[in-house]
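First up is the structure itself, then whatever we jot down about it.
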Amino acid sequence: MLDQLLKPERVVLDLKARTKEDVLKELVDVLDLPEDKKEILLVTLKKREAIGSTGMGKGIAIPHTRSLVVEDVHLVIGRSREGVEFDAIDGKPVHLFFLLVAPPQDPGTTYLLTLGRIANLARKLARTRDYLEIDDPGEFVAYLTRLEQEEAQ
Amino acid sequence: MKKLPFLLMALQDLEATEEDVKREDYRSIFPVPHQAIEREKERLRDEIRKMGGERVLERYERLKQQYGKSIVLTVGGICFHCFAVLPTSLEASQQEGLLECPNCGIFLYQTDEEEA
C-alpha cells in the first residue's frame with residue numbers, strides 16, 4: 001500500500017535543515033504546491049506539532065496533518081545523517097522523517113491506514129541503521145517497500 | 001500573508017485532526033491529550049480575536065454548524081462548497097482579504113494559483 005505513495009522524487013536523502021521548523025519547511029517544499037498553500041500547510045503542521053511531537057523516538061518522526069490545501073494523500077521522506085532535534089519522546093535527534101498530508105475528508109480512510117503502516121514500518125526501521133547507508137532515492141524507496149512487505153507478512 | 005484566512009484554515013484543519021485523535025487506531029500511535037488540542041485551538045482563536053476577528057469567529061462557528069465546514073478553496077473561479085460560479089470582481093467583505101461566497105455565504109480562500 002505504501003508503494004503507491006513512495007516515490008523517488010519525494011525522497012530527500014540529505015536534508016539541509018537543522019531545526020524542527022526548517023525540516024518541516026524542507027519537506028513541504030518537495031510538494032508541488034503554490035507558495036501560499038505550502039505556507040498554510042506549514043502553519044497547520046506546526047500546530048499539529050504543538051499538540052504533541054510526532055517524533056516517535058529511535059530516530060524517527062512522522063509529521064502529519066489533514067489540510068484543506070491538498071486534494072490527495074501525499075508522502076514525503078526526508079533523511080538527515082546528522083540528525084535534527086525534533087522534541088522526540090526519547091529526546092534524541094531524528095534521522096528519518098515521514099511527512100504525511102491528507103485532505104480533511106478522506107472517504108477511503110487512506111490517511112489513517114497509511115499512518116498505521118508508516119508507524120509499523122518505523123518500528124522495524126528503529127531496529128536498524130541501514131537506512132543511513134543508502135545514497136540513491138530509488139534504492140531507498142525499494143528498501144522501504146521491501147521492509148513494508150516483510151512487515152505485512 | 002493573508003493571515004486571517006490562514007488562521008481560519010489552520011483552525012479548521014486542527015478540528016479535522018481532533019476527529020482523528022478520537023479514534024483508537026490513531027491514539028495507539030499518537031496518544032494526544034484532548035486538552036492539548038483545546039489549548040491550541042484557543043491559541044488560534046486568540047490570534048484571530050487579536051486581529052479584530054471576534055465576529056468572524058462567530059460566523060465561523062455558525063457556518064460549521066450549518067455546513068460542517070466554514071472555509072473552502074475557490075477552484076477555477078468556483079466556490080468549492082456550493083459550486084456557484086463566483087463573480088470575477090469578488091471583493092473582500094471582511095478585513096485581511098477574507099472572502100465570502102455570495103451564494104452560500106461560506107468563507108473562501110482564493111489561492112495564488114487562482115489569482116494568477
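Just so it is clear: chains get the letters A, B, ... in the order the sequence lines come, proteins before strands, and each one is counted from 1.
Screening residues 34-67 of chain B for ring-ring contact (aromatic ring centres under 6.0 Å, His included) gives B:Y67-B:H81 as the qualifying pairs, with residues at least two apart or on separate chains. Applying the ring-ring contact (aromatic ring centres under 6.0 Å, His included) test to pairs two or more places apart or on separate chains, none has a residue in residues 10-30 of chain A. Applying the salt bridge (charged side-chain N to carboxylate O under 4.0 Å, His left out) test to residues at least two apart or on different chains, the pairs with a partner in residues 44-63 of chain A are A:K20-A:E49, A:E21-A:K46, A:K47-B:E40, A:K47-B:E47.
With rounding to the nearest 0.5 Å, the separation of CG in A:L113 from CG in B:D25 is 7.5 Å. Residue A:I51 holds its CD1 atom at 11.5 Å from CZ of B:R43, rounded to the nearest 0.5 Å.
Chain A forms the most heavy-atom pairs under 4.5 Å with one residue out of B:R23, B:K69, B:Q12, and that residue is B:R23. Options B:P31, B:P33, B:A36 differ in how many heavy-atom pairs under 4.5 Å they form with chain A, and the most are formed by B:A36.
With a 4.5 Å cut-off on non-hydrogen atoms, A:L112 touches chain B through its side chain but not through its backbone.
Nearest heavy atom pair, residue B:I29 against residue A:G116, reads CD1-CA, 3.7 Å. The minimum heavy-atom distance between A:D36 and B:F6, with the atom names listed, is O-CZ, 3.7 Å.
Partner of A:T44 under the side chain to side chain contact (heavy atoms under 4.5 Å, CB included) criterion, chosen from B:D13, B:L14, B:T17: B:D13.
In the hydrophobic clustering of ILVMFWY residues, with side-chain heavy atoms under 4.5 Å counting as a link, B:M9 and B:M51 come out together. In the hydrophobic cluster analysis, where Ile, Leu, Val, Met, Phe, Trp and Tyr join through side-chain heavy atoms closer than 4.5 angstrom, A:V11 is grouped together with A:L132.
Within 6.0 Å of CZ in B:F80 there are 12 or fewer heavy atoms belonging to other residues, nucleotides or ligands. Other residues, nucleotides and ligands place no more than 12 heavy atoms under 6.0 Å from the NZ atom of A:K25. The neighbour count for A:D32 CG, taken as heavy atoms of other residues, nucleotides or ligands under 6.0 Å away, does not exceed 12.
Interface residues of residues 62-86 of chain A toward chain B, defined by a heavy-atom distance below 4.5 Å and sorted by number: A:I62, A:H64, A:T65, A:R66, A:S67, A:L68, A:V69.
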